[in-house]
Amino acid sequence: MHDRGAGHADQHRRRRRPDLHGRRPMTAPAGPVRTRFCPSPTGLVHVGLLRTALFNWAHARHTGGTFVFRIEDTDAARDSEESYRHLLDCLRWLGLDWDEGPEVGGPHGPYRQSERYDVYREVAAKLLASGHAYESFSTNEEVDARRRAAGQDTKLGYDNHDRSLTDAQKAAFRAEGRDPVLRLRMPDSDLVWDDLVRGEVRFAAGSVPDFVLVRGNGAPLYPFVNPVDDALMGITDVLRGEDLLPSTPRQLALYAALTDIGVAQGTPRFGHLPYVTGEGSKKLSKRDPTSNVDVYRERGFLPEGLVNYLALLGWSIAEDRDVFSTAELVEAFDVTRVSANPARFDVKKAEAINATHLRALPVEEFLAAVTPYLASAGLVTDPPTAEQAATLEAIAPLAQERMIVLSDAVGLLGFLFTEDVEIDPAAAEKQLGAGAGEVLDAATAALHALPEWTTAAIETALKEALVEGLGRKPRQAFGPVRVAVSGRTVSPPLYESMELLGRERTLARLAAGRGIATG
RNA sequence: GCCCCCAUCGUCUAGCGGUCCAGGACGCCGCCCUUUCAAGGCGGUAGCACGGGUUCGAACCCCGUUGGGGGCACCA
């Protein structure tokens with residue numbers, strides 16, 4: 001269905017610029033697209049992280065490729081099993097299924113880095129043996145001292161001082177009890193790539209020092225294990241956050257070395273996705289309440305609604321359209337059309353998009369989705385009684401178009417499932433002031449002896465009594481009644497609500513409202 | 001300090017040299033509909049950061065400035 005093959009040639013039409021000088025050291029792997037999402041299981045799941053997952057997933061699905069999920073749990077101090085579980089749960093909730101990864105398996109496992117140390121050790125040994133990497137004994141203090149002695153800023157970092165140590169020098173350091181780190185020898189050419197979202201990016205030769213692959217204690221580091229795993233897992237397209245852009249030249253160099261020793265088949269394409277920011281233009285931090293996906297999930301965002309909004313952060317489906325299904329996203333997604341500028345997460349717009357999806361839901365699906373919210377608020381039993389189910393079924397279509405998120409149902413429909421409403425003070429202030437008593441009295445009188453308790457009969461009786469009888473505008477006539485009955489200024493349509501509520505409870509509430517009314 | 005990225009309404013974006021006195025969406029405002037609110041319909045508000053080039057022609061290409069962001073670890 002999404003049989004576009006891996007046709008990237010056309011995707012580059014707008015980003016590729018002529019590159020006459022720098023040579024392009026990378027050859028993208030041939031064959032179908034393989035993308036990956038590789039978070040560390042630390043702390044909460046952040047909407048920006050999910051946007052990255054979404055784009056990788058959408059790119060794989062659009063091209064008929066493979067989406068790999070890998071867990072980067074090499075930091076035992078910060079990683080947690082709980083966070084790991086949560087990550088899987090979030091992806092599943094959003095419908096981002098993975099073809100290879102945890103709990104699914106695949107030919108390139110294991111998919112948790114904590115289970116792959118032997119692999120890294122072996123690759124590191126090959127890199128050392130082939131001369132692409134070397135042992136380095138300098139301490140940070142020694143590097144800084146040399147920089148200062150040369151009149152340079154210590155921020156420049158390691159100075160490639162240990163590149164050609166003799167065996168005797170190494171032995172001497174070892175004799176001092178030093179454990180060497182393993183560093184990659186950086187090439188002396190410019191490091192250039194054609195970024196899928198930004199076009200050509202270039203780092204000048206010599207601007208990136210030889211970096212550490214493996215610590216003195218033997219622990220492999222992220223800049224090493226990440227490309228190694230990508231290479232071993234056959235990843236062709238790396239879509240990741242803009243924050244990783246400055247580490248790309250190092251990865252390019254690593255890939256060249258890995259390709260040379262037969263570990264990699266080439267260098268993947270890179271696409272650096274713009275930041276998702278919060279208020280102001282600060283980077284969305286995990287502490288920012290708008291960043292936590294759980295908040296949206298608990299409020300009752302629909303997975304499709306959130307996916308739709310997340311996709312809008314840096315991408316657009318068409319000039320005059322921004323509501324679409326996940327299937328439509330997959331059909332249309334094109335990484336090279338992702339915008340390079342940072343996008344602010346706008347809760348209001350996210351809500352508007354979600355509300356549109358909510359309204360578009362078939363009533364049965366809406367009912368199924370909303371019931372758990374009412375149950376956990378204690379308004380209905382789980383499962384609902386026959387009577388509750390009947391009420392729900394009647395009110396669902398009327399409630400649906402008045403809600404933004406599923407949890408809105410608790411406030412909107414609560415009055416139907418309790419004996420006494422709690423009247424919202426602001427609503428009382430607005431509608432139960434001067435003149436409300438007269439309205440409530442007239443409504444009570446009209447409804448008290450109504451022969452038939454139906455929506456139509458209630459409507460006729462109330463209009464007669466309030467609009468014609470009291471000569472009030474509908475606006476003034478029904479406001480107090482609505483607040484007395486539902487407790488709020490916003491509710492499902494009034495007559496239907498009253499019918500569902502029943503005569504007894506309706507009259508009781510009019511009386512209670514009368515007690516509060518000041519005039 | 002050095003390196004890199006980014007720059008269209010308040011916000012997210014469309015724009016790929018002429019079809020743009022810049023289109024859509026959210027928000028906001030107004031009107032209509034109406035049984036309050038919402039939804040829906042209609043209308044309005046508001047933007048190419050600045051300066052130089054290139055070109056017959058620039059939101060779009062180039063350079064610079066300014067502004068914003070990020071990175072410079074034996075974290076990920």
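Chain letters run A, B, ... following the sequence lines, proteins first and then strands; every chain starts at 1.
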Task: Note: A:Arg183-A:Asp162 ion pair, threshold 4.0 Å (strictly below) - done: no

Task: Cationic N near anionic O, under 4.0 Å, A:Asp229 to A:Arg36 - done: no

What nucleic acid atoms does [X] come within less than 4.0 Å of, heavy atoms only: base, sugar-phosphate, or nothing?
X        : answer
A:Thr74  : sugar-phosphate
A:Arg359 : sugar-phosphate
A:Asp153 : base
A:Tyr495 : base
A:Gly216 : base
A:Lys463 : sugar-phosphate
A:Leu244 : base
A:Val181 : base
A:Leu245 : sugar-phosphate
A:Ser207 : nothing

Task: Strand contacts (RNA chain B) in residues 395-405 of chain A, 4.0 angstrom heavy-atom criterion - done: A:Glu401, A:Arg402

Open item on the list: Less than 3.5 Å apart, any donor N or O on the side chain of A:Thr455 or A:Glu496 sitting next to an acceptor on the other?
Closed with: no

Task: Side-chain H-bond candidate by donor/acceptor type, A:Arg240 with A:Thr248, under 3.5 Å - done: yes

Task: Interatomic distance, A:Arg240 CZ vs B:G71 C1' [rounded to whole Å] - done: 12 Å

Open item on the list: Using modelled atom types and a 3.5 Å cut-off, is there a donor and acceptor pairing between side-chain atoms of A:Arg299 and backbone atoms of A:Asp408?
Closed with: no

Task: A:Asn308 side-chain N/O to A:Phe324 backbone N/O, donor-acceptor pair under 3.5 Å - done: yes

Task: Nucleotide forming a Watson-Crick or wobble pair with B:C50, both distances under 3.5 Å - done: B:G64

Task: Counter-base of B:C72, judged by Watson-Crick or G-U geometry with both distances under 3.5 Å - done: B:G1

Open item on the list: Taking the nucleotide of RNA chain B with the nearest heavy atom to each, does A:Tyr309 or A:Gln113 sit closer to the 5' end?
Closed with: A:Tyr309

Task: Contact nearer the 5' end of RNA chain B, comparing A:Lys155 with A:Tyr222 - done: A:Lys155

Open item on the list: Could you check whether A:Phe333 and A:Phe55 have their ring centres less than 6.0 Å apart?
Closed with: yes

Task: Aromatic ring proximity, centroids under 6.0 angstrom, A:Tyr296 and A:Phe345 - done: yes

Open item on the list: Pair A:Arg70, A:Asp230 - check salt bridge (Lys or Arg N to Asp or Glu O under 4.0 Å), show working.
Closed with: CA-CA 10 Å; A:Arg70 180 175 76 228; A:Asp230 283 349; 2.9 Å; yes

- [ ] Classify the ring geometry between A:Tyr117 and A:Tyr120 as parallel (under 30°), tilted (30 to 60°) or perpendicular (over 60°).
- [x] perpendicular

- [ ] Treat primed atoms plus P, OP1 and OP2 as sugar-phosphate and everything else as base, then score nucleotides 21-29 of chain B 5' to 3': B for base contact with protein heavy atoms under 4.0 Å, S for sugar-phosphate contact only, - for none.
- [x] --BSBSS--

TODO: Establish whether the base of B:U35 is bridged to the side chain of A:Arg482 by a donor-acceptor pair shorter than 3.5 Å.
DONE: yes

